[in-house]
Amino acid sequence: MGFTFNKKLPIPKEIKTMYPVSAKCAAIKEQRDKEIRDVITGADDRFLIIIGPCSVDNETAVMDYLNRLVPVQEKIKDKCIIIPRIYTNKPRTTGEGYKGMLHQADPEAAPDLLEGLIAIRKLHIRNIEETGLTASDEMLYPENWWYLVDLLSYVAIGARSVEDQHHRMTASSFDVPAGMKNPTSGDLTVMLNSVLAAQHAHSFIYRGWDVNTDGNPLAHTVLRGATNKSGIALPNYHYEDLLNLYELYQQKNLLNPACIVDVNHSNSNKKYLEQIRISKEVLHSRRHNPDIHRLVKGLMIESYIEDGNQGVHDKVYGKSITDPCLGWKKSERLMYEIAENC
């Protein structure tokens, strides 16, 4: 019964000392943070493409994928900013299945949180050094944010976390955008309240400290679809949904109204090929309505080297072992189409 205490993990300061960020990486992050911040505030009219695997699993394949983004970013840099998804924690609805690289640096090995903490920090550092593209990660555990605080340019708060007060207050400390997803119920009021909470200053307990935060003016909404009481997917990316969110924003005293549309999850009912069609529909809505154009700042796309997904033991190179993803050829084509039509 109760906890079994396996080992005391190093505090973030210790891990960061062991695996420091170079001056080059710090400068890249500073510049990228400014560019992405300017998109959220409206100072830059480029479009965000937050794209990558559902959950990273194999460093070699992930770095192969991330390096493929570099020439695409160069070609579309005047229209779009690519933010790679390096999602190292995987929320599981039932608690079963691969929970991400933080838990298992090797998906086939036993969980080892220390090994995982080191692996995810090294991966994020390697990404910046090799690609120059600072990444997004999901904050599944608020206490782990500080291990990656000096590496991330975007943080997502998931549908099951967005109602949690500790996630909201931790997001209020970020100096980078925090994407607050709508909950699985689809309640937009909950999502907007989470943005309001993240934009305000707070005092609370964090990692055993009494802390204060200043509030994060870059907190914003992410539409990812919902499910009804029967478990049926309810998309919320259509024109009427975007217009409704715009109108709800007008009723709230929120800074920097902004929305990212997640084109997978309940918006696609996890039919990964639908991400292409949904992306095009969202772009059409932006072109049709100037209010939606100002509100929708980007798309989230689940993408990897190979189409679909597989079991942990199947070992197809570059294929997701969690949710199905769009393969590279389709993803590359889609990014160019987004740049042409955003």
Side-chain angles (χ1 to χ4, degrees), residues 49-66 68-69 83-113 115-117 119-120 123-124 127 135-141 144 148 152 154-162 179 181-184 222 224-227 231 233 260 262-276 278 299-328 330-331 334:
I49 303 176
I50 305 170
I51 188 167
C54 169
S55 182
V56 297
D57 51 17
N58 176 291
E59 182 175 333
T60 301
V62 168
M63 286 308 308
D64 180 351
Y65 176 89
L66 296 172
R68 295 181 190 207
L69 294 173
I83 305 176
R85 284 173 54 108
I86 303 181
Y87 281 28
T88 57
N89 307 281
K90 173 63 179 173
R92 308 303 311 210
T93 304
T94 65
E96 295 294 321
Y98 180 60
K99 296 183 177 69
M101 189 175 279
L102 172 65
H103 285 261
Q104 292 169 274
D106 177 351
E108 296 189 90
D112 187 323
L113 273 295
E115 183 182 10
L117 285 171
I120 67 174
L123 177 58
H124 276 287
N127 167 66
S136 165
D137 203 342
E138 180 173 350
M139 189 179 71
L140 185 58
Y141 309 117
N144 290 344
L148 300 175
L152 300 178
Y154 186 98
V155 180
I157 310 298
R160 297 163 189 82
S161 303
V162 75
K181 291 196 173 187
N182 64 261
T184 55
V222 179
R224 49 85 73 199
T227 53
I260 303 292
D262 178 342
V263 297
N264 212 17
H265 295 98
S266 291
N267 269 332
S268 69
N269 198 21
K270 295 192 177 181
K271 297 177 181 177
Y272 68 95
L273 292 174
E274 286 291 282
Q275 294 183 99
I276 299 170
I278 295 167
L299 299 172
M300 281 186 180
I301 302 165
E302 291 196 319
S303 158
Y304 208 180
I305 296 171
E306 298 295 336
D307 280 331
N309 63 346
Q310 63 181 332
V312 171
H313 304 295
D314 292 340
K315 298 183 180 179
V316 176
Y317 179 80
K319 193 170 189 176
S320 174
I321 61 171
T322 50
D323 290 349
C325 295
L326 202 62
W328 173 252
K330 297 181 181 70
S331 300
L334 178 58

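Residue indices begin at 1 and follow the sequence shown.
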Quick one: CD1 on Ile276 to OG on Ser331, what's the gap to the nearest 0.5 Å? 7.5 Å
Trace of the side-chain contact (heavy atoms from CB on, under 4.5 Å) decision for Met101 with Asp57: CA-CA 6 Å; Met101 189 175 279; Asp57 51 17; 5.7 Å; no
ring-ring contact (aromatic ring centres under 6.0 Å, His included) against Tyr87, all qualifying residues, sequence neighbours excluded: none
Heavy-atom side-chain proximity of Asn144 to Thr88 below 4.5 angstrom: no
Shortest non-hydrogen pair, Ser320 vs Gly308, comes out as CB-O, 3.8 Å
For Asp262, enumerate each residue passing the salt bridge (charged side-chain N to carboxylate O under 4.0 Å, His left out) test, keeping only those at least two apart in sequence or located in another chain. Lys181
Got a second to check how far Leu69's CG is from Ile51's CD1, nearest 0.5 Å? 6.5 Å
Got a second to check how far Tyr65's OH is from Tyr304's OH, nearest 0.5 Å? 10.0 Å
Who are the side chain to side chain contact (heavy atoms under 4.5 Å, CB included) partners of Pro324, not counting sequence neighbours? Tyr272, Asn309
Minimum heavy-atom separation for Leu102 and Ile120, please, with both atom names. N-CG2, 3.8 Å
Residues passing the side chain to side chain contact (heavy atoms under 4.5 Å, CB included) test with Ala159, sequence neighbours excluded, are Thr184, Arg224
Smallest heavy-atom separation, Val155 atom then Leu152 atom, equals CG2-CD1, 4.0 Å
Using 0.5 Å steps for rounding, measure from the NE2 atom of His103 to the CG atom of Leu117. 9.5 Å
Can you tell me how far apart CG (Leu326) and CD (Glu302) are? Round to the nearest 0.5 Å. 10.5 Å
Not counting sequence neighbours, which residues clear side chain to side chain donor-acceptor pair (under 3.5 Å) with Gln104? List them please. none
Non-neighbouring partners of Tyr154 that pass ring-ring contact (aromatic ring centres under 6.0 Å, His included), sequence neighbours left out: His220
Which residue in the set Glu274, Gln275, Lys271 passes side-chain contact (heavy atoms from CB on, under 4.5 Å) when paired with Asn264? Gln275
Taking only residues two or more places apart in sequence, or in another chain, which ones meet Glu306 in a side chain to side chain contact (heavy atoms under 4.5 Å, CB included)? Val316, Lys319
Any residue meeting salt bridge (charged side-chain N to carboxylate O under 4.0 Å, His left out) with Asp64, in chain and number order, not counting sequence neighbours: Arg68
Looking only at side-chain N and O atoms, does Ser55 offer a donor or acceptor that is under 3.5 Å from a partner on Thr322? no
Could I get the full list of salt bridge (charged side-chain N to carboxylate O under 4.0 Å, His left out) partners for Lys330, not counting sequence neighbours? Asp307
Ignoring hydrogens and angles, tell me if any N or O in the side chain of Arg85 forms a donor-acceptor pair with the backbone of Cys54 under 3.5 Å. yes
So, for Ala233 and Ser266, which heavy atoms are closest and what is the spacing to 0.1 Å? CB-O, 3.6 Å
What's the spacing between Ser268 OG and Ile301 CD1 if we round to 0.5 Å? 11.5 Å
For the student: nearest non-hydrogen atoms of Pro84 and Asn127, plus distance: CG-OD1, 4.5 Å
Within a strict 4.5 Å, meaning less than it, do heavy atoms of the Met139 and Leu148 side chains meet? no
Residues passing the side chain to side chain donor-acceptor pair (under 3.5 Å) test with Asn182, sequence neighbours excluded, are Asn236
Under the salt bridge (charged side-chain N to carboxylate O under 4.0 Å, His left out) rule, collect the residues that match up with Glu138, sequence neighbours excluded. none
Specify the closest pair of heavy atoms between Ala135 and Ile83, including all atoms of both residues, with the distance to one decimal. C-CG2, 3.8 Å
Go through the structure and list residues passing side chain to side chain contact (heavy atoms under 4.5 Å, CB included) with Lys315, not counting sequence neighbours. Glu108
